[in-house]
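Below, each value reflects all heavy atoms present in this structure, side chains not excepted, and no hydrogens, waters or symmetry copies.
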Amino acid sequence: MSKFKHAFVITGSIGSGKSTVLNLLKLHGFSVIDADLIAHEQLQIYAEQVAAKFGDEILINGALDRKKLGNIVFNDKEKLAWLENLLHPRIKAEILSRAQILEAKKQPFFVDIPLYFERASYEKFTQVALVYAPKNLLVERVMRRNSLTRDEALRRVELQIDIEKKREMVKFVIDNSRNLANLEHETTEFIKKLKGKYDSIKV
């Protein structure tokens, strides 16, 4: 399989706002491969296996309680590694399958890969945009979103490569350090940068 010439990876760090950017791109009419949705699907497929590993208390009516699961794996690196080793190959296979279909259309599309740099196994995707916010803001957002203490949120943020290092590794940066209106502007400016390559893009 050759490289995906029409794909643009959307990556960042936990709390950076990747999902919001993906939703904005959908509103602009672009096709999006959402790794988080794929992860949800795979978690449900392997719910019984995950529950057998971590305990039936993480199941509610046969579905996994992601908050309870997160509290377990984000406090134990070995358990997190087990879960990632179970899910990641399957998530990657599904991303590649969907990307191959979209690549054939020869139109730009976007792929959500939160751990693009951490995994270093998505070499077929070469165009990368980072959704950026400074570390202290990432921690604050994760605290609010997941109802965590500062130390708990910091631990989750620091499981990933530092956001400033990621910023140095990409060609495109979508700044999400302010408000939604500014993020909408940043996303539109990012799309404008692609117009020269794709005449079909309308902003």
Side-chain angles (χ1 to χ4, degrees), residues 1-41 91-92 94-142 144-145 156-157 160-203:
M1 190 187 297
S2 60
K3 295 186 185 300
F4 295 114
K5 297 178 181 178
H6 303 289
F8 291 84
V9 170
I10 301 296
T11 193
S13 291
I14 185 171
S16 63
K18 297 180 301 297
S19 296
T20 305
V21 169
L22 289 168
N23 287 332
L24 291 171
L25 290 167
K26 289 177 187 176
L27 290 175
H28 279 275
F30 292 105
S31 296
V32 168
I33 299 173
D34 191 330
D36 199 40
L37 286 178
I38 294 172
H40 284 203
E41 293 166 2
I91 293 170
K92 180 181 177 181
E94 187 62 27
I95 287 174
L96 293 177
S97 175
R98 296 185 189 188
Q100 196 165 13
I101 292 169
L102 291 175
E103 181 69 17
K105 297 180 180 180
K106 298 185 178 180
Q107 292 296 321
F109 64 96
F110 296 91
V111 188
D112 166 37
I113 307 179
L115 299 178
Y116 176 81
F117 291 111
E118 284 80 0
R119 284 291 177 178
S121 63
Y122 287 94
E123 64 281 352
K124 297 187 185 302
F125 299 99
T126 58
Q127 303 178 100
V128 186
L130 175 76
V131 183
Y132 171 83
K135 183 176 180 179
N136 64 319
L137 187 52
L138 297 176
V139 172
E140 290 175 10
R141 287 175 178 168
V142 174
R144 288 196 302 269
R145 186 184 73 187
R156 295 195 185 189
V157 169
Q160 300 178 352
I161 294 172
D162 186 83
I163 192 74
E164 302 300 336
K165 290 183 179 179
K166 290 181 179 180
R167 190 170 189 171
E168 296 172 359
M169 300 163 73
V170 299
K171 181 178 180 181
F172 303 105
V173 175
I174 302 171
D175 190 285
N176 187 24
S177 57
R178 293 169 63 187
N179 53 31
L180 180 58
N182 186 71
L183 180 59
E184 290 173 346
H185 172 74
E186 285 279 318
T187 304
T188 300
E189 289 300 305
F190 166 59
I191 294 170
K192 285 180 180 178
K193 292 176 183 177
L194 307 184
K195 270 186 69 66
K197 186 173 182 179
Y198 296 98
D199 294 333
S200 61
I201 291 178
K202 294 179 175 60
V203 181

Problem - Side-chain donor or acceptor of K166 paired with backbone N/O of G12 under 3.5 Å - result: yes

Practice task
Report yes if the side chains of Y122 and I95 come closer than 4.5 Å at any heavy-atom pair, otherwise no.
Solution key: yes

Practice task
Name all residues meeting the side-chain contact (heavy atoms from CB on, under 4.5 Å) criterion together with R144; count only those two or more places apart in sequence or in a different chain, and write none if there are none.
Solution key: E140, R141

Problem - Spacing of CD belonging to E123 relative to CZ belonging to F4, to within rounding of 0.5 Å - result: 10.0 Å

Handout entry: The single option from F109, F110, F30 passing ring pair (Phe, Tyr, Trp, His ring centres under 6.0 Å) against F8
Key = F110

Handout entry: Contact check, side chains of H6 and K106, non-hydrogen atoms, under 4.5 Å
Key = yes

Handout entry: 4.5 Å side-chain heavy-atom contact, T188 and H28
Key = yes

Exercise for the section: Give a yes or no on this: more than 12 heavy atoms of other residues, nucleotides or ligands lie within 6.0 Å of atom CZ of R119. Expected result: yes

Exercise for the section: For A129 and I174, work out which heavy atoms get closest and say how close. Expected result: CB-CD1, 4.4 Å

Handout entry: NZ (K193) with more than 12 external heavy atoms under 6.0 Å
Key = yes

Handout entry: Side chain proximity check, Y116 to V111, heavy atoms < 4.5 angstrom
Key = no

Exercise for the section: Would you indicate whether the side-chain heavy atoms of R178 and L183 approach each other to under 4.5 Å? Expected result: no

Handout entry: Residue pair D112 / I33, side-chain heavy-atom distance below 4.5 Å
Key = no

Fill in the blank from the handout: Rounded to the nearest 0.5 angstrom, the CD1-CG distance for I10 and L130 is 9.0 Å

Handout entry: F117 vs V170 side-chain heavy atoms within contact, under 4.5 Å
Key = yes

Practice task
Answer yes or no: is there a donor N or O on one side and an acceptor on the other, between the side chain of E103 and the main chain of K5, under 3.5 Å?
Solution key: yes

Exercise for the section: Could you tell me whether the side chain of N176 and the main chain of S16 form a donor-acceptor pair under 3.5 Å? Expected result: yes

Exercise for the section: May I ask you to decide if I161's main-chain N or O and E118's side chain share a donor-acceptor pair within less than 3.5 Å? Expected result: yes

Handout entry: Backbone N/O of I14 and side chain of Q160: donor-acceptor pair under 3.5 Å
Key = yes

Exercise for the section: Mark yes when over 12 heavy atoms from residues, nucleotides or ligands other than K26 sit less than 6.0 Å from its NZ; otherwise mark no. Expected result: yes

Handout entry: Between CG on residue N136 and CD1 on residue I163, distance to nearest 0.5 Å
Key = 12.0 Å

Practice task
With sequence neighbours excluded, tell me which residues meet side-chain hydrogen bond (donor to acceptor under 3.5 Å, both in side chains) with E41.
Solution key: R98

Practice task
Taking K18 for its side chain and S13 for its backbone only, find out whether a donor-acceptor pair lies under 3.5 Å.
Solution key: yes

Completion exercise
In this structure, CG of L27 is separated from OG1 of T187 (nearest 0.5 Å) by 10.0 Å

Problem - Polar side-chain atom of K3 near backbone of F125 as donor-acceptor pair, under 3.5 Å - result: no

Exercise for the section: For the pair T11 (side chain) and P114 (backbone), establish whether a donor and an acceptor sit closer than 3.5 Å, ignoring hydrogens and angles. Expected result: yes

Handout entry: Backbone N/O of A7 and side chain of Q127: donor-acceptor pair under 3.5 Å
Key = yes

Practice task
Output the distance between atom NZ (K135) and atom CG (L137), rounded to the nearest 0.5 Å.
Solution key: 13.5 Å

Practice task
First locate atom CG of D36, then atom CG of L22, and finally report the distance between them rounded to the nearest 0.5 Å.
Solution key: 9.5 Å

Handout entry: Step-by-step side-chain contact (heavy atoms from CB on, under 4.5 Å) determination, E186 to E189
Key = CA-CA 5 Å; E186 285 279 318; E189 289 300 305; 5.7 Å; no

Practice task
Considering only NZ, NE, NH1 and NH2 on the basic side and carboxylate oxygens on the acidic side, decide whether E168 and K165 come within less than 4.0 Å.
Solution key: no

